[in-house]
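Here is the naming used below: chain letters follow the sequence lines, and residue numbers restart at 1 for every chain.
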Amino acid sequence: MTSASSLAFPGSRTLALWWRQLASFAPQTLCVGYLFVHRLEAPACWLLAQPLDPLLVLVLEALVLDGGTADSSPDFYERLHHRLRLDVPILRRLLRSLADTQMVEATSSAWNITEQGRQALQTKSVWTRQWKRAVFPFIEQLDPTGQRLTTPHFAALLDAPSSSWHVEDGMAFDMAWLQSCLQQPPDWKMTFQFPADVITFPAPGSNSWEHVALDRSERLLVVLCEGPSPGHELLGFSVRPEGWALNTAEPILRLPGGARAIVRELERPASLDLWKPAWQSWCKTRTVPPAMIDDCALAKVDERLRIEASADLLEYLRAGKSDVFKGETWLLAGDGYLREAARLDVVGR
Amino acid sequence: MKSRERKAFGGISATATAPAAASVTAPVPARSPADATTPRVLHWEEWFQSATPAQRADMLTLAARQGLLYAFQVPPAANGVKNKLPVENPAHLQPLVRILAGETDGLAPVCTRPLTFIDQELDPAQREAVLRAMATPDVFLLQGLPGTGRSRVLAEILTQAALRGDRVLFLTNHPACLDSVLVRLMRNKGVLALRFLDPSEAALSLPADVLACTFKERQRIFREQTLQQAEQAFTEAERRQAQRLEEAAYWSPLRECAEQMAQLQQRLHESESRLSTLADDVRREATTGSAGGAFGAQIADQEQTHQHNVNTLGEEQATQAQQHACAVKELADVEAAMQVMRPTAEAKRHGRWWTFAWWRATFSGQVLARMTELESRQQTLRTTLQALELSQKQAEDKRKHLDVEFAQARDKLLDDELDRRRQEVLREQSSYRGEQEKLALIWQTQVGKLATPDHRPAEPTSAAVVAAAARWENQRRLDDDSLLFACRWLSYLKEQGQHLDSRIVAWAQVLAGTLSGLRQDAVFADAARMEFDLVVLDEAEQFTETDILQAARYGRRLCLAAQSHGPADGLVPASKLVTGGPQLTPRVACFQRVWQGLHCDSRRLHYAWDRENSRLCCTLRPVSGQERAHLEIEHVADFPEIELRILASPKAPPLLAQVVFPPNMTVCQAKEFIYRELQEVAVRGSGRGAWLVEENDVFRFNLGPFPLTDTVCLDLDTGLREWIVPDTAQTCRLEFVRAAGWTRSQVDAWLQRHLHLRDLGRTMALQVPHRMAHGLAGTLSEVLFAGEYLPAPGPMGRADFEFIAVPPLRKDSKADDKRKPVAGGNGTYGLPKEGAGLEQDLSTQRLADRVPADLRAELPRRGFANFLEAQAVIHKLEELVAQGNGEPLAVIALYEGQVELLRRLVARSPILRQHTNALEIGVPGAFQEREVPTVLVSLTRSHSHRAVSFGEHDSDLVLALTRARKRLLVFGDPGTLVKRSHWQGPLDHLDGAAAALEARRLTALLRWVGNSFPKSH
């Protein structure tokens, strides 16, 4: 697996550009890097509300008009025929189809409208089970060396330009993780946008070709940012690697603030211990004397890395015509796959 | 982009994802448009469709091992062509595939469940067939000889399945077979059947009742009737609602009327009550003085007068009492004074001077005078007292008199008052009643305005009105809802009517059509895509294994019905099968193979019971003529009279082949001996099937199609009984009593061990002719079916089967050696060796044409005609018409040419011209699935020197000969039949098997002709 250190990250100007592009989303923090995603294409059984056939609605109404419960004697069919003017065999078929969807119960002597039938009559829809294939994205949480920190987490991540990721042995996806999502409480499903109408997955060990799950594992370059309070919504945007083009038309990830845990870098912002090397590195590329670098005090305020610098350093940077005073110099902290970004704000002490 | 940034992406293939394919649902919304330009992403279903079988297998193996597949592991689909997804045999098809492959060992027997039969006239075998078809989880096979009720059983199966809610696909090869079943099916209004046309059919050619169930006709009827009826229903609902609106105004008057009537009734009650207490009231008023008015004044006046009188009298009485008291006191005083004076006075009066009293009187002076005065006074007082007492008594009497007078006057007054008041109440009551009558009239009028009797109040009371109004209100609400519903229903039909009628296909319980129709009719094919609960294939003997498997895919269960052609079925492949019209296509006899694998055929039992002189002989193993030479006889040690015949063939172990019993042993004793000593059940059934029926108390293994009479029961073992006909040693059934511990599996095992039979409950053979007259059926059974027709027990009657030889048989014919009859035995006519050569091949022109030129021109250019035979038929027809029993007649000729010739001759016959309505002429195919009371069959063929086949199709002969219900007359050239019977190889269009079957049947016919000709000719 490609280590984080060997991957390319955007430079300061790109980050500044992205920050401006994201202005409409009022971001509070910025995080840039790579997400390793298992896009699991798997068959699932969905409980879907289908519009009830108007004819069946009318049959149910006719049943209700006749009292809801009626004996299945010839008189019953005669009454129903009188109301609907449909032949008895047709009525039998229609009742049978209603019985197939549990909207009426056929006992030996009666047709009873079930509670489900009454609900269907009110909503004009019926719940049906359908098997359909769907894509279930799971995001990996990795350390900078590519080791899995915890089990992948489901998150509704839209399709985006990506690179294929050849999953190695230690990173195999366990189908039980998908199954376990079904057991999660509704709040969890709502938070991570796991489809609540999925009711089951094929049992493990099924041999049918239709039950095969396909993991389209991929590596995504993304920009993650935290929205304004209240809510601190977590937004993710895809980046087309060619030209570092940020797609701000639509976030590929939009989760409530409580879902930040799936991105460790947002959950636990980089400490000054991580920012200091980044600052030092930035200074070194500008040949700032080490004494001046060490003399600075760092503080992280919102998206900014506030540097309280000595007058000498300020003079030095001004002499070098640094962009830092335009407020468009950005740094990335850490060496992981996802890195927090901060705008340099150099002020005098 | 900086160079470092560019470099980072150099080594990674960027395969941007595309939007999810339509078949894959993303739990999140579809992707942004930018992705539309990106390469296609791998989708499993698409890949699988385009992959080679090897790739598929590899990936499935990998997926099974890993639990899933990774996209990078999936190779590009090798063939790249999108194929149909693999159609795996559905699970329900697996047993059938195994059965078709001959694997029946693992099959569990079918357990039937009781049914209420719609057709009550089904015989036991037919009922069992229906039960089995309804209960089978996979396949059921029905085989029946012509006229044994196959169509009837199929109609019952279809009806039962449809009424159970199943969807059934009914397929045949010929439309006529469809119609014979559908006509029965349509008698049940609870079944919606759709008949699809065969490509060779035109809708207008169908009978009216069959036409009514064609898809288009059903659609038309549905469209027209449903909408029309919905409009009627809407109008009716509107009318009812208007009625209710009108009725709403009636309730207020009814309520008022009821209230008034209640009030009147109350008043009447009060009046009655007053009347009953009137006397008491008057008296009470008089007594208490509470009466008012004139009556009160009178009472008071009377009271006052009476009181005055009483008072006056009282005063008098008081005075008298006072006087009386004074007198009494004075009298007492006088008497006391007299008492005191009396001694003195007495002494003086009597001069008793010596007494002190005398002296005292003397000295007192005037004692006597005083005494006298006192006595006088006493007397006066007493008189006065008496007078006073009298006066007192008179006063008392007067007082009483006054009281009596007063009471009488009072009573009179009260009576007068009572009478007055009563009159007053009665007048009041009369007035009330008058009012009541008026209200009752109003009530009746108002109530009569309520249209529904149930809504009318039961009685003119408020409570009844309230209850009736509540009922009416409910009905009104219901009518409102009904109107609303009728309106919605009508709107729905108007909006959706065009689409709705196309759903009839989905609603129909039975879809019926021919196999070719299913292949060519797009609507039928579409309809058949929906899964059926049952697929019924009639004429299954004409379908290949592929056809049957294809048909089985349509449904979960399969019922195959085939017409049996006699004893050849089940023994050799029937290679004479026809499909789709006149073309003859030999097919693989799939049905027969499956039948043999599943059917419990009692003909496999080789036991035979015969009489050798007077001794009963039981054959345990068939012994051929050659083997008889190797039979060795031994006697049973314990029973020397019993003879054992052991087959000791060379190079074979000895086998016990026959057991011969002494004359005095009965069949029952013999059977008991065989079971006891040999553990064999030497049963001999009738027919070609045996079936096991589970009943409440017994398992019944029937060995014949109907229960026999005059049977005796033989106890073979614990709970095992054999019912036999003693005269023929025929076994009717075996019974296994549940109470003795027999279970189904034990019975199956026993039958397999002892009889080598196993009834899987998936087949049924029909052998009892139902439509045909008893005698005719018996004859045809011998001629056509080698005794396999099993007419129900009963008098056989006269065999109405007549053979009319054309040319007639002659006793002697020296002039024509070829036509010289073969010597017959017992004075019967012999049969000629060769044909008379009367037939005319219509495809050739001959100089010596046997058909008159004017007729010849009207005949078809192919086939055969036989003018002399046609004339004989016409002659016979005229005879029959002259006899005039009015029953329909049918003439069946084996060739179209002969049919046309007969039609022309009928048209020329003055007698027959008038009876064309009751006369039908056609080839055998035209009479498929139909019977006529009297049938004349013109065999037509009369070749001069060679053997010829009979009929365009190999089934024509059997079809023609089995169409009569009561009487069958066969016209033919006996010489041609003799020639044909001698030829055993393939002939014309007949292959070896079909030719042999025809030869065997014609030989049987000739045998019958030889035996019966003198009687019938």
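Classified by interplanar angle (parallel below 30°, tilted 30° to 60°, perpendicular above 60°), the ring pair B/Y70/A/H38 is tilted. Aromatic ring orientation, A/W209 versus B/W44: tilted (interplanar angle from 30° to 60°).
For chain B, the option among A/V167, A/L220, A/V198, A/D197 with the highest count of heavy-atom pairs below 4.5 Å is A/V167.
For A/L55, the parts sitting under 4.5 Å from any heavy atom of chain B are the backbone and the side chain alike. Only the side chain of B/R503 comes within contact range of chain A, with at least one heavy atom under 4.5 Å from a heavy atom of that chain. At a 4.5 Å heavy-atom cutoff, the contact between A/L94 and chain B is made by side-chain atoms alone. Heavy atoms of B/L163 lying under 4.5 Å from chain A belong to its backbone as well as its side chain. Heavy-atom distances place no part of A/A44 under 4.5 Å from chain B, backbone and side chain included. For a residue to count as touching a neighbouring chain, one of its non-hydrogen atoms must lie under 4.5 Å from one of that chain's; by this rule B/A506 touches chain A with the backbone only.
Counting heavy atoms of neighbouring residues, nucleotides and ligands inside a 6.0 Å radius, atom CE of B/M530 exceeds 12 of them. The neighbour count for A/K124 NZ, taken as heavy atoms of other residues, nucleotides or ligands under 6.0 Å away, is above 12. Annotation: A/R129, atom CZ; neighbour count of heavy atoms from other residues, nucleotides and ligands within 6.0 Å does not exceed 12.
Looking at every heavy atom in both residues, A/W165 comes nearest to B/F72 through O-CD2, 3.9 Å.
How far CG of A/D174 is from CD of B/Q66: 12.0 Å, rounded to the nearest 0.5 Å.
Considering only heavy atoms from C-beta on, A/R96 comes within 4.5 Å of B/D166 through its side chain. Side chains of A/P54 and B/Y492 form a contact here, defined as non-hydrogen atoms less than 4.5 Å apart. Residues A/L86 and B/W489 have side chains in contact (heavy-atom distance under 4.5 Å, counting atoms from C-beta outward). Contact check for B/W47 versus A/L214: no side-chain heavy atoms found under the 4.5 Å cut-off. Two residues are said to be in side-chain contact when any heavy atoms from C-beta on lie closer than 4.5 Å; A/D87 and B/F222 fail this criterion. Taking 4.5 Å as the limit, every side-chain heavy atom of B/Q225 sits out of range of all side-chain heavy atoms of A/R85.
Between the side chain of B/R488 and the backbone N or O of A/L58 there is no donor-acceptor pair closer than 3.5 Å.
Contacts between residues 229-241 of chain B and chain A, counted as heavy-atom pairs separated by less than 4.5 Å, involve B/Q229, B/A230, B/A233. The stretch residues 476-484 of chain B places B/L478, B/D481, B/S482 near chain A, each with some heavy atom under 4.5 Å from a heavy atom of that chain.
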